[in-house]
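Below is one structure, written out as structure tokens; the observations come after it.
Throughout, numbering of the chain's residues begins at 1 and tracks the sequence. Computed from heavy atoms alone, side chains included, the values below leave out hydrogens, waters and symmetry copies.
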Amino acid sequence: MLKLRINPIVVYDLKGIHDYIAEDNSEYATKTIREIYEKFEDVQMVPGIGEDLSRRVSFRTDYKYVVWTDYVIIYKINDEYVEIYRVINRYRDITRVFDNH
């Protein structure tokens, strides 16, 4: 099994998701974050489950993505690890997370 790496910016993504949901329901916010982490483990176990991100954006990229409820988990597969790159709301413009790319 490949190792799991999480890009440090994902911490901010998850905090934003948690804080937004917690405005209405803190228990559901915690549950959502826990379930997102479970999706990270799914990606780690079966990295091929995602789709090529190149199909959704107008530029060539090696990133893949999976959608879970309202969130898109963007990741990259390496020889030794799977790196979770970002977690964003599925209604957000995905290309914006690559502006510095």
Side-chain angles (χ1 to χ4, degrees):
M1 175 177 22
L2 297 174
K3 294 178 184 176
L4 181 65
R5 280 181 145 178
I6 299 175
N7 185 323
I9 200 160
V10 171
V11 173
Y12 297 105
D13 293 341
L14 296 177
K15 182 177 179 348
I17 291 166
H18 181 275
D19 291 351
Y20 180 78
I21 296 170
E23 289 178 10
D24 294 325
N25 186 330
S26 62
E27 288 179 25
Y28 186 70
T30 301
K31 178 180 183 281
T32 299
I33 298 305
R34 186 174 55 247
E35 289 176 355
I36 290 172
Y37 271 105
E38 289 172 6
K39 282 307 204 187
F40 292 172
E41 292 172 359
D42 292 348
V43 168
Q44 179 187 15
M45 299 286 245
V46 188
I49 63 173
E51 297 290 327
D52 291 336
L53 188 60
S54 292
R55 298 171 129 191
R56 286 193 67 175
V57 296
S58 60
F59 53 88
R60 177 81 179 106
T61 180
D62 293 334
Y63 286 96
K64 295 178 86 57
Y65 73 96
V66 291
V67 177
W68 176 77
T69 66
D70 285 338
Y71 304 99
V72 177
I73 299 169
I74 300 170
Y75 67 99
K76 186 181 271 190
I77 303 169
N78 186 299
D79 290 340
E80 298 177 18
Y81 57 85
V82 174
E83 180 182 11
I84 306 298
Y85 179 67
R86 295 296 302 265
V87 179
I88 62 170
N89 187 288
R90 72 180 188 159
Y91 299 107
R92 188 169 161 200
D93 180 1
I94 290 176
T95 60
R96 302 288 301 192
V97 302
F98 292 95
D99 282 346
N100 297 331
H101 200 267

What distance separates [X] [atom1] from [Y] [atom2], expressed to the nearest 0.5 Å?
X	Y	atom1	atom2	answer
Met1	Met45	CE	CE	5.0 Å
Leu14	Arg34	CG	CZ	13.5 Å
Asp13	Asn89	CG	CG	11.0 Å
Asp19	Ile33	CG	CD1	9.0 Å

Hydrophobic clustering (ILVMFWY, side-chain heavy atoms < 4.5 Å, transitive) - are [Y] and [X] grouped together?
X	Y	result
Val67	Ile17	no
Tyr75	Ile88	no
Ile6	Tyr12	no
Tyr85	Val72	yes
Ile9	Val57	no

*Between Glu35 and Lys39, is the closest basic N to carboxylate O distance under 4.0 Å?*
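Salt bridge flag = no for Glu35 with Lys39.
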
Would a 4.5 Å heavy-atom cut-off, applied to side chains only, mark [X] and [Y] as touching?
X	Y	value
Trp68	Asp42	no
Val43	Ile49	yes
Arg86	Ile84	no

*Determine the minimum heavy-atom distance between Arg60 and Asp62, stating which atoms define it.*
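Result for this residue pair: NH2-OD1, 3.9 Å.
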
*Looking only at non-hydrogen atoms, find the nearest pair between Ala22 and Ala29 and report the distance.*
N-CB, 3.6 Å

*Go through the structure and list residues passing ring-ring contact (aromatic ring centres under 6.0 Å, His included) with Tyr65, not counting sequence neighbours.*
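Applying ring-ring contact (aromatic ring centres under 6.0 Å, His included) to Tyr65 gives none.
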
*asked:* I need the single residue from Val82, Ile77, Leu53 that forms a side chain to side chain contact (heavy atoms under 4.5 Å, CB included) with Lys64. Which is it?
replied: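 Among Val82, Ile77, Leu53, the one meeting side chain to side chain contact (heavy atoms under 4.5 Å, CB included) with Lys64 is Ile77.
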
*Please collect all ring-ring contact (aromatic ring centres under 6.0 Å, His included) contacts where either partner lies in residues 16-52, sequence neighbours excluded, each pair once.*
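Residue pairs with at least one partner in residues 16-52: Tyr37-Phe40.
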
_Using modelled atom types and a 3.5 Å cut-off, is there a donor and acceptor pairing between side-chain atoms of Ser54 and backbone atoms of Thr61?_
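Side chain of Ser54 to backbone of Thr61, a donor-acceptor pair under 3.5 Å: yes, one is there.
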
